[in-house]
Amino acid sequence: MTRPKPEDDEYWNSSKFSAFTFDDEDDEFTKMKESKRAVNSMLVDDDDDDDDVEKVSWSGEPIGSISWSVKETASSIRSSGEQSFPKIDITPSLPKQGSGYSLSSLFKGKQQVICCSGLAKVFSLERFRSLQEKLLLLDEAVSENDGNVITAVLIYLKKSLSKEILFRELMLREIALRHYVHYLKEMGEQKLLVELMKALGRTDDMALMQYKEHLNIKDEGQRRDFLKNCLSLPFSQDDAIHVQDHYTLLERQIIIEANDKRGDAEIFKKFPRKASILNMPIITTLYYSCFYHYGESDGTFSSPANIRKTFRISEKQYILTALGARAKLKSWFDVDSLFNTKNWLGYTKKRSPIGFHRVVDILQKNNAPVQVLQEYMNLIDDPELKLSLAQKYKCHDIVIDTYRDLKDRQQLIVYRGKVERGSKEDKKIEELLCNMQIRWKN
């Protein structure tokens with residue numbers, strides 16, 4: 001028998017095809033070697049070069065596209081500062097520098113391509129058929145700490161294992177679980193993600209994910225019905241209040257929109273609507289109500305008072321919103337009514353929870369008359385702030401009276417040069433300067 005040539009030995013030792021052997025292929029050690037070899041083949045090898053391989057990210061988007069620029073970090077369906085899954089850190093481990101691979105062939109099911117900067121590696125995962133082999137492959141991928149390789153293996157397991165088995169095994173592998181959660185979110189597989197959260201016992205997160213589906217419903221009536229069904233989901237207490245408010249708001253907006261789009265009332269003819277009220281935020285809805293439905297009885301859905309009470313809007317937020325709407329309409333009587341209060345003796349005085357300097361700013365932005373500005377400017381307690389705003393908005397009487405109260409003759413002389421010669425303001429300054437009873441400090 002002829003002895004094999006050295007190059008033949010090298011072929012059988014290095015090729016992805018193995019020669020026939022009497023060794024037991026199901027041996028544990030053999031399986032571990034196969035898993036390690038497969039994972040290593042996914043990692044970038046500087047000795048291989050294939051510029052013709054399509055280079056895409058794990059999301060299937062070509063490198064250089066907008067999607068490729070999105071970093072491999074977990075997105076959250078909650079507001080910033082909150083974690084979606086407190087018990088599970090869903091931020092994937094950082095991928096090794098320069099790692100990337102193609103999903104275009106992964107989804108074809110036969111062979112996988114790992115590529116980066118023109119380098120490529122062809123391998124097959126189909127030979128890992130038993131559950132034990134697949135789990136060894138996953139564990140080996142995790143041990144390499146390469147996010148892209150982990151995700152590639154997870155995609156294969158997702159295709160080849162039942163979701164019940166996959167979920168069960170991922171619960172025992174936190175790193176792989178983080179990558180799988182992130183992968184499902186990036187791929188938009190919302191239904192499977194909800195099932196996973198339910199299997200993990202994260203019922204509140206499962207409920208929020210189902211609630212998020214309302215964003216995909218365009219018809220307002222169907223969205224309202226969907227939100228109504230969401231009310232029975234196991235939300236946390238705070239989230240349950242939010243969802244209830246969302247449903248109530250949309251239900252009310254649909255009623256208001258049906259009545260207002262006809263535009264029968266005079267105000268709609270004088271100030272035509274620029275947009276529908278449907279799906280607007282609560283504060284926008286309140287502004288709309290203060291603009292078009294101010295003065296309606298509390299029993300109507302569209303009245304500002306009803307909206308304020310239903311959605312627990314604070315006094316400060318209500319005053320800011322109503323002030324902006326009524327000032328826009330130049331309804332100065334309504335503006336006054338926002339701040340008028342009576343004491344126990346029946347005397348009327350003005351009180352503001354937002355500070356009268358802010359009231360002045362809003363009034364000025366809506367081109368309030370000088371006398372209206374001056375009335376509210378006089379209610380500012382801080383003399384320096386009052387003087388600054390009076391100068392800024394050219395409320396001459398306020399400036400003159402403030403300098404008089406400060407007994408600042410020099411500043412009054414300087415300010416006289418800023419008013420029109422012979423005007424009533426000029427004459428007022430002259431009278432003050434000639435008043436011998438005022439004890440000026442300079």
Side-chain angles (χ1 to χ4, degrees), residues 266-267 270-271 286-296 304-305 315-343 345-435 437-438 440:
E266 186 63 30
I267 190 170
K270 189 174 182 181
F271 301 98
L286 177 61
Y287 182 92
Y288 176 95
S289 175
C290 290
F291 194 95
Y292 288 109
H293 297 279
Y294 200 76
E296 289 185 0
E315 180 187 22
K316 181 181 293 187
Q317 185 64 71
Y318 176 78
I319 292 293
L320 278 170
T321 307
L323 174 61
R326 303 319 293 172
K328 186 76 173 178
L329 290 170
K330 308 294 188 290
S331 298
W332 311 123
F333 176 82
D334 292 337
V335 169
D336 282 343
S337 67
L338 290 171
F339 305 104
N340 287 339
T341 60
K342 288 185 177 181
N343 61 18
L345 292 175
Y347 293 108
T348 300
K349 63 175 296 185
K350 284 185 167 56
R351 184 186 68 85
S352 172
I354 60 175
F356 283 110
H357 63 286
R358 296 187 67 185
V359 175
V360 170
D361 284 335
I362 294 172
L363 292 175
Q364 194 278 332
K365 289 176 182 177
N366 287 281
N367 301 313
V370 173
Q371 59 269 28
V372 174
L373 280 180
Q374 291 188 156
E375 179 183 359
Y376 286 92
M377 205 170 290
N378 271 323
L379 297 173
I380 300 174
D381 293 328
D382 187 337
E384 293 186 2
L385 179 58
K386 180 196 299 185
L387 183 60
S388 175
L389 286 176
Q391 292 175 331
K392 180 179 179 180
Y393 298 139
K394 293 181 170 52
C395 294
H396 300 307
D397 283 343
I398 300 292
V399 177
I400 295 169
D401 291 343
T402 302
Y403 284 142
R404 177 202 61 197
D405 295 340
L406 293 173
K407 296 180 173 55
D408 195 331
R409 180 183 177 89
Q410 295 302 318
Q411 287 296 333
L412 195 58
I413 293 174
V414 171
Y415 194 75
R416 187 179 187 183
K418 298 179 181 180
V419 301
E420 185 179 351
R421 182 66 66 180
S423 64
K424 65 182 184 67
E425 291 83 9
D426 179 61
K427 294 178 180 178
K428 182 177 181 178
I429 293 174
E430 184 178 5
E431 291 177 1
L432 289 173
L433 293 174
C434 295
N435 190 335
Q437 295 181 348
I438 301 176
W440 302 101

Report, one line per pair, each donor and acceptor closer than 3.5 Å where one atom sits in a side chain of residues 398-409; sequence neighbours left out.
unit_1	atom_1	unit_2	atom_2	d
D401	OD1	K428	NZ	2.9
T402	OG1	I398	O	2.7
Y403	OH	Q391	NE2	2.8
D408	OD1	Q411	N	3.1
D408	OD1	N442	ND2	3.0
R409	NH1	L433	O	3.1

Heavy-atom pair with the smallest gap, counting every atom of S289 and P304: OG-N, 3.0 Å

Name all residues meeting the ring pair (Phe, Tyr, Trp, His ring centres under 6.0 Å) criterion together with Y294; count only those two or more places apart in sequence or in a different chain, and write none if there are none. none

Tightest non-hydrogen contact, residues A327 and L363, listed as CB-CD2, 4.3 Å

E420 atom CD, neighbour heavy-atom count above 12 within 6.0 Å: no

Which residues pass the side chain to side chain donor-acceptor pair (under 3.5 Å) test with T321, sequence neighbours left out? Q317

For Y287, ring pair (Phe, Tyr, Trp, His ring centres under 6.0 Å) partners two or more places apart: none

Show every side chain to side chain donor-acceptor pair (under 3.5 Å) that has at least one partner inside residues 350-361, sequence neighbours left out. E315-R351, N340-K350, K350-E375, D361-Y393

Quick one: salt bridge (charged side-chain N to carboxylate O under 4.0 Å, His left out) partners of R416, sequence neighbours excluded? D426, E430

Inter-residue atom distance F271.CZ - Y292.OH, 0.5 Å rounding: 8.5 Å

Quick one: list whatever passes side-chain contact (heavy atoms from CB on, under 4.5 Å) with F333, sequence neighbours left out. none

Would you list the atom pairs, donor with acceptor, under 3.5 Å between side chains in residues 376-390 and any protein atom, with sequence neighbours excluded?
unit_1	atom_1	unit_2	atom_2	d
Y376	OH	D336	OD1	2.3
N378	ND2	Q374	O	3.3
D382	OD1	E384	N	3.0
D382	OD1	L385	N	3.4

Under the rule for side chain to side chain donor-acceptor pair (under 3.5 Å), what residues qualify as partners of Q364, not counting sequence neighbours? none

Rounded to the nearest 0.5 angstrom, the CD-CD1 distance for E425 and I429 is 8.0 Å

Looking only at heavy atoms, what is the nearest atom pair of I319 and P353, with distance? CG1-CG, 3.9 Å

Residues passing the salt bridge (charged side-chain N to carboxylate O under 4.0 Å, His left out) test with K424, sequence neighbours excluded, are D397

Pairs satisfying salt bridge (charged side-chain N to carboxylate O under 4.0 Å, His left out), at least one member in residues 321-334, at least two apart: R326-D334

For I362, enumerate each residue passing the side-chain contact (heavy atoms from CB on, under 4.5 Å) test, keeping only those at least two apart in sequence or located in another chain. L320, L323, N366

